[in-house]
Peer 1: 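Below you'll find the structure I mean.
Because the structure is a prediction, the values reported are computed rather than measured. Indexing begins at 1, ligand by ligand and atom by atom, following the structure's order.
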Amino acid sequence: MKEIEEVRIEFEEKIKKLKPEDLKKLETYFLGRKGKVAYLFELLRNIPAKEKRETGQQINELKEYIENRILQYKQLFEEEEQQEKLLKESIDITVPGLKSEFGYLHILSMVIKEIEEIFLSMGFDIMTGPEIESDYYNFEALNIPEFHPARDLQDTFYLSQKLLLRTQTSPIQVRTMEVQKPPIRIIAIGKCYRRDASDSSHSPIFHQIEGLVVDKNVSFANLKGTLLEFTRQMFGKDTKVRFSPSYFPFVEPGAETAISCVICKGKGCRVCKQSGWLEMGGSGMVHPNVLKNVDIDPEKFQGFAFGWGIERIAMIKYSIPDIRMFLQNDLRFLEQFK
Ligand code: DAH
């Protein structure tokens, strides 16, 4: 029967070019219910009875042959797939490992550490205080009268009638003097909050460093010497400090402090707005009323205090143009200070 031979030849041709994804198709094509082999069996009906047996056997042989070949290929493909998978999943133990990244301090934390180290080396202790403060510590005990604009709802985040987010680190002065008697020599660094609209130099959350020294015979000269020494260590030994009269309720006299511009060395540039000076914060001699509030006799003891902005210090030292950058969490910015 020449049809049997034709099917065998067709099968040989097809299986030679077989790809794994076509295996199922090939199987149905030859062995399926309407496949080539079934077609041969159909032809069997029309041939003479005496040839039927032998031809039927031939078709059966072909069928078996096709089944076996397909099974062989199936196993071969499965093996290949397994092999490929193993190869893909195998681990090359000679490839160098991925280095794990170490964390690093935020630029503000670094600056805070630097400041603390300078003051520690000058014999200061470090104090802390709560960020949620009472009206008493934030204002009242600091001689800030009821009508003072700082108490305005517009400047302060009030949590209740008596509780607020501290607007300055100065309340730590009072808390320190309540538990420690002179001689006192401390700094305190922490977050402060104000209802400021944010722009390149204002942020509703920022940090201050507060300094307080109380002892016998403390004078304005000590204040000046302390800030000058800190400034030199922080910004370089040629940096100057300027005091100009100012008013803060908790000091008398009070002074605004500025340092000579670290960019232009005082000649005048864009950063110092051509003035040659950069304002850093307030300072002064502790007001007698503040000392009285904590039972320290202003006749026997004097003190000086100062409060500078940490972001301001960091921005000047590291040429950071915008205070908002500290909290934006932009790695391109932060990674510069690794
Ligand atoms: N607490 C003041 C402020 O936030 C800054 C200040 C001024 C602190 C004078 C002081 C000081 O200790 O003596 O504006």
Side-chain angles (χ1 to χ4, degrees), residues 115 119 124-131 133-145 148-152 154-157 164-178 180 184-196 201-215 218-228 230-231 241-259 278-291 293-294 296 298 301-313 323:
I115 296 171
F119 278 101
F124 282 69
D125 288 329
I126 294 171
M127 290 292 287
T128 55
E131 287 172 37
E133 241 331 339
S134 69
D135 174 89
Y136 175 76
Y137 286 107
N138 198 77
F139 294 129
E140 192 114 3
L142 287 166
N143 203 33
I144 300 175
H148 196 280
R151 288 200 175 198
D152 198 305
Q154 288 199 348
D155 296 302
T156 305
F157 289 108
L164 46 85
L165 296 180
R166 71 176 174 215
T167 61
Q168 49 187 354
T169 42
S170 304
I172 302 172
Q173 287 187 31
V174 183
R175 288 185 174 275
T176 304
M177 290 187 285
E178 276 182 351
Q180 229 174 292
I184 293 168
R185 215 187 284 143
I186 61 109
I187 59 158
I189 296 178
K191 293 188 183 76
C192 303
Y193 302 84
R194 283 187 208 173
R195 296 180 57 138
D196 276 332
S201 56
H202 294 85
S203 163
I205 168 168
F206 58 98
H207 297 73
Q208 281 188 339
I209 168 179
E210 192 78 19
L212 174 71
V213 170
V214 183
D215 203 349
V218 171
S219 72
F220 205 98
N222 299 131
L223 167 62
K224 207 174 160 181
T226 303
L227 284 179
L228 186 61
F230 167 68
T231 298
V241 179
R242 182 186 72 175
F243 291 81
S244 38
S246 187
Y247 174 72
F248 300 96
F250 38 93
V251 282
E252 181 59 37
E256 195 64 59
T257 41
I259 63 169
L278 300 165
E279 284 188 3
M280 301 303 294
S283 67
M285 301 305 292
V286 180
H287 197 290
N289 287 351
V290 176
L291 294 175
N293 283 339
V294 290
I296 293 178
F301 295 99
Q302 302 79 42
F304 71 74
F306 60 88
W308 282 14
I310 299 288
E311 280 83 353
R312 181 94 176 128
I313 293 172
I323 195 170

Peer 1: Strictly distance-based, threshold 3.5 Å: is any side-chain N or O of Glu252 a donor or acceptor partner for the main-chain N or O of His287?
Peer 2: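 Judged by distance alone, no pair lies under 3.5 Å.
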
Peer 1: Tell me, which protein residue and heavy-atom name are nearest atom 11 (C) of ligand 1, and how many Å apart are they?
Peer 2: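 The closest heavy atom on the protein side is Phe250 CE1, 3.5 Å.
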
Peer 1: Taking atom types as modelled, find out whether Glu210 and Gln173 have a side-chain donor-acceptor pair closer than 3.5 angstrom.
Peer 2: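 The answer is yes; a qualifying pair exists.
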
Peer 1: I'd like to check which ligand 1 atoms, numbered from 1 as shown, lie under 4.0 Å from a non-hydrogen atom of Glu210.
Peer 2: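 Per the distance check, 8 (C), 10 (C), 12 (O).
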
Peer 1: Nearest to atom 1 (N) of ligand 1, what protein heavy atom do you find, and at what distance?
Peer 2: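 Looking only at protein heavy atoms, the one closest to atom 1 (N) of ligand 1 is Gln168 OE1, 2.7 Å.
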
Peer 1: Tell me the protein heavy atom at minimum distance from atom 14 (O) of ligand 1, and give that distance in Å.
Peer 2: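 Looking only at protein heavy atoms, the one closest to atom 14 (O) of ligand 1 is Arg194 NH2, 3.7 Å.
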
Peer 1: Any donor and acceptor pair, going by atom type alone, linking the side chain of Asn138 with main-chain N or O of Leu164 inside 3.5 Å?
Peer 2: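 Such a contact is absent between Asn138 side chain and Leu164 backbone.
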
Peer 1: Has the side chain of Arg166 got a donor or acceptor atom that lies under 3.5 Å from a matching backbone atom of Gly129?
Peer 2: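 Yes, Arg166 side chain to Gly129 backbone: donor-acceptor pair under 3.5 Å.
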
Peer 1: As an exercise, identify every atom of ligand 1 less than 4.0 angstrom from a heavy atom of Gln173.
Peer 2: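 Every atom of ligand 1 under 4.0 Å from some heavy atom of Gln173: 12 (O).
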
Peer 1: Does even one non-hydrogen atom of Gly281 get within less than 4.0 Å of ligand 1?
Peer 2: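 No, Gly281 has no heavy atom closer than 4.0 Å to ligand 1.
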
Peer 1: Would you give the length of the straight line joining atom CZ of Arg312 to atom CE of Met280, rounded to the nearest 0.5 angstrom?
Peer 2: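 If I round to the nearest 0.5 Å, the distance is 6.5 Å.
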
Peer 1: Heavy-atom contacts with Ser170 under 4.0 Å: which atoms of ligand 1 show up? List them by number with element.
Peer 2: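 Result: 1 (N), 8 (C).
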
Peer 1: Say you draw a straight line from CD1 of Ile187 to CD1 of Ile115; how long is it, rounded to the nearest 0.5 Å?
Peer 2: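 It comes to 7.5 Å.
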
Peer 1: Give the contacting part of Ala305 toward ligand 1: side chain, backbone, both or neither, where contact means a heavy-atom distance below 4.0 Å.
Peer 2: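 Within the 4.0 Å criterion, Ala305 contacts ligand 1 through backbone and side-chain atoms alike.
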
Peer 1: Report yes or no: is the cationic atom of Arg175 (NZ for Lys, CZ for Arg) closer than 6.0 Å to the six-membered ring centre of Tyr137, at no more than 45° off its axis?
Peer 2: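 Geometry flag: set, cation within 6.0 Å and 45°.
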
Peer 1: Verify whether one side chain among Asp196 and Ser203 offers a donor that lies under 3.5 Å from an acceptor in the other.
Peer 2: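 Looking only at side-chain atoms, Ser203 and Asp196 do not form any donor-acceptor pair under 3.5 Å.
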
Peer 1: Using a 4.0 Å cutoff against the non-hydrogen atoms of Gln208, which atoms of ligand 1 qualify?
Peer 2: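 Going through ligand 1 atom by atom, the ones under 4.0 Å from Gln208 are 3 (C), 4 (O).
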
Peer 1: Nearest non-hydrogen atom to atom 9 (C) of ligand 1 belongs to which of Gly303, Ser283, Gly307?
Peer 2: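 Result: the heavy atom closest to atom 9 (C) of ligand 1 is in Ser283.
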
Peer 1: Run the numbers for me: atoms of ligand 1, each under 4.0 Å from some heavy atom of Gly282, listed by number.
Peer 2: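 With Gly282 as reference, the close atoms of ligand 1 come out as 7 (C), 9 (C), 11 (C).
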
Peer 1: Closer than 4.0 Å to some heavy atom of Gly284 - which atoms of ligand 1 meet that?
Peer 2: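 Under 4.0 Å from Gly284, ligand 1 has these atoms: 13 (O).
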
